[in-house]
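Only one structure is covered here, and it is reproduced in the block below.
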2 protein chains.
Amino acid sequence: MYQRKLAPDIRCPLEYGLELFGGKWKSRIICVLSERETLRYSTLRREMGNISDAVLASTLKELIRDGLVERRQFDEIPPHVEYSLSAKGASVVPILQSICRWAGAYHRQVGEHTPARCQRCDYGPGGEP
Amino acid sequence: MYQRKLAPDIRCPLEYGLELFGGKWKSRIICVLSERETLRYSTLRREMGNISDAVLASTLKELIRDGLVERRQFDEIPPHVEYSLSAKGASVVPILQSICRWAGAYHRQVGEHTPARCQRCDYGPGGEP
DNA sequence: CAGTATCCTATTAGATACTG
DNA sequence: CAGTATCTAATAGGATACTG
């Protein structure tokens with residue numbers, strides 16, 4: 001038998017920060033929201049590509065819990081919900097851009113679905129924004 | 001039945017970059033290596049805290065494959081191996097520091113093993129480096 | 001419209017023992 | 001010394017059906 005779970009690990013703000021906007025979908029959600037003031041759930045889902053509702057909803061909850069995204073609910077008929085970046089969320093965007101710029105120098109096209117260039121901020125091999 | 005695996009996803013350099021230094025251990029390895037010129041495997045392991053050999057070895061392999069870390073083997077008696085950051089690896093350090101600085105403004109101490117301040121670059125609540 | 005609920009799979013992380 | 005091999009555990013990600 002071995003220990004089933006480690007104690008919570010020593011970690012610095014860097015590692016904490018990477019939890020807030022790392023992972024498979026969070027950075028993309030932040031990017032998409034940074035281009036528009038607000039987005040409805042259904043529009044956001046469409047912009048994200050092939051994400052499922054289960055994953056999108058749970059990821060949004062984490063982003064809201066961590067204060068990066070805000071949710072406004074409109075109880076009209078038909079009802080809708082709008083998502084937007086908070087000030088805290090907007091303050092990560094420059095960091096994401098610097099990562100995109102850094103990685104753009106090295107990223108190569110792997111396949112049809114993994115373009116070498118960023119489709120929205122236009123960073124990529126040999127190209128400046 | 002449902003599809004077992006999604007096709008490789010459309011992703012921009014940002015998402016590619018986060019794969020290179022995101023994840024649970026990579027950023028910490030880069031931080032530790034950025035402080036010394038080179039480190040032996042056993043020293044690195046000690047500096048990392050409670051990481052297992054299995055995880056450390058496989059994480060180092062990824063970092064080497066992606067060109068962030070270099071490995072030099074010395075076939076003396078006793079043999080040893082030295083790890084260091086490549087130029088590419090060193091070029092992420094400023095990005096990691098900016099994340100650390102950003103997150104330091106928000107991170108709060110969660111427990112004994114999750115200090116609010118970075119132990120090495122000294123970013124944290126109310127504190128500038 | 002904007003999600004939940006439920007179930008399932010894939011990947012990552014960890015423990016321990018062993019080796020060139 | 002510097003790992004590899006093998007196993008188990010935990011978590012993140014995904015599909016589908018259904019609901020206030």
Side-chain angles (χ1 to χ4, degrees), chain A residues 1-11 15 18-29 33 38-66 69-84 113, chain B residues 1-11 15 18-29 38-65 69-84 113:
Chain A
M1 284 301 266
Y2 59 88
Q3 193 184 350
R4 270 95 193 292
K5 192 172 176 178
L6 279 174
D9 209 352
I10 297 174
R11 51 185 57 216
E15 296 172 22
L18 285 170
E19 284 190 354
L20 298 197
F21 60 79
K24 180 157 182 184
W25 297 108
K26 286 181 177 178
S27 68
R28 194 183 298 185
I29 292 175
L33 285 177
T38 71
L39 277 180
R40 290 178 159 218
Y41 181 86
S42 51
T43 317
L44 178 55
R45 190 189 197 289
R46 206 173 331 112
E47 295 281 319
M48 289 292 293
N50 57 359
I51 193 174
S52 70
D53 281 318
V55 172
L56 178 55
S58 88
T59 307
L60 282 170
K61 276 190 177 172
E62 288 181 52
L63 289 168
I64 290 163
R65 181 201 63 197
D66 295 330
V69 164
E70 279 159 2
R71 195 193 109 113
R72 281 193 68 192
Q73 185 167 340
F74 296 83
D75 292 328
E76 305 159 354
I77 308 289
H80 71 279
V81 173
E82 287 182 358
Y83 291 94
S84 57
H113 293 293
Chain B
M1 284 304 264
Y2 58 88
Q3 193 183 350
R4 269 97 195 292
K5 191 169 178 181
L6 280 174
D9 208 351
I10 296 174
R11 50 185 59 217
E15 296 172 23
L18 285 170
E19 284 191 354
L20 298 197
F21 60 79
K24 178 156 184 186
W25 296 107
K26 287 181 178 178
S27 68
R28 195 183 298 185
I29 292 175
T38 71
L39 277 179
R40 290 177 162 220
Y41 181 86
S42 50
T43 317
L44 178 56
R45 190 188 197 289
R46 206 174 330 112
E47 296 282 319
M48 290 292 295
N50 56 1
I51 192 174
S52 69
D53 281 317
V55 173
L56 177 55
S58 87
T59 308
L60 282 170
K61 276 189 179 173
E62 289 182 52
L63 289 168
I64 290 164
R65 180 201 62 199
V69 164
E70 279 160 2
R71 195 193 108 113
R72 281 193 67 193
Q73 184 168 340
F74 295 83
D75 292 327
E76 305 157 356
I77 308 290
H80 72 278
V81 173
E82 288 183 357
Y83 291 95
S84 57
H113 293 295

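Chain letters run A, B, ... following the sequence lines, proteins first and then strands; every chain starts at 1.
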From Lys26(A) atom NZ to Glu19(A) atom CD, the distance as rounded to the nearest 0.5 Å: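 Lys26(A) atom NZ to Glu19(A) atom CD measures 7.5 Å (nearest 0.5 Å).
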Distance (rounded to the nearest 0.5 Å) between Arg28(A) CZ and Ile51(A) CD1: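 Here the rounded value is 8.0 Å.
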Complement of dG20(D), any strand, by Watson-Crick or G-U distances under 3.5 angstrom: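 Looking at the geometry, dG20(D) pairs with dC1(C).
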Which nucleotide in [options] has an atom nearest any side-chain atom of [X]:
X: Ala57(B); options: dG3(D), dT4(C), dG14(C); result: dG3(D)
X: Val81(B); options: dG14(D), dA2(D), dA15(C); result: dA2(D)
X: Ala54(B); options: dC1(D), dT16(C), dG3(D); result: dT16(C)
X: Asp53(A); options: dT4(C), dA13(C), dG3(D); result: dT4(C)
X: Lys24(A); options: dG3(D), dG13(D), dT6(D); result: dG13(D)

Sugar-phosphate only, base, or nothing, as touched by Pro79(B) at under 4.0 Å among non-hydrogen atoms: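 Sugar-phosphate contact only.
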For [X] and [N], is the shortest distance between a side-chain N/O and OP1 or OP2 below 4.0 Å?
X: Trp25(B); N: dT12(C); answer: no
X: Ser52(A); N: dA15(D); answer: no
X: Tyr83(A); N: dC1(C); answer: no
X: Arg71(B); N: dG3(D); answer: yes
X: Lys61(A); N: dG3(C); answer: no

Aromatic plane relationship, Tyr41(B) with Tyr83(B) - under 30° parallel, 30 to 60° tilted, over 60° perpendicular: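 Tilted: the ring planes of Tyr83(B) and Tyr41(B) meet at 30° to 60°.
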Salt-bridge criterion met for Glu82(B) and Arg71(B) (N-O under 4.0 Å):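 The answer is no: the pair does not qualify as a salt bridge.
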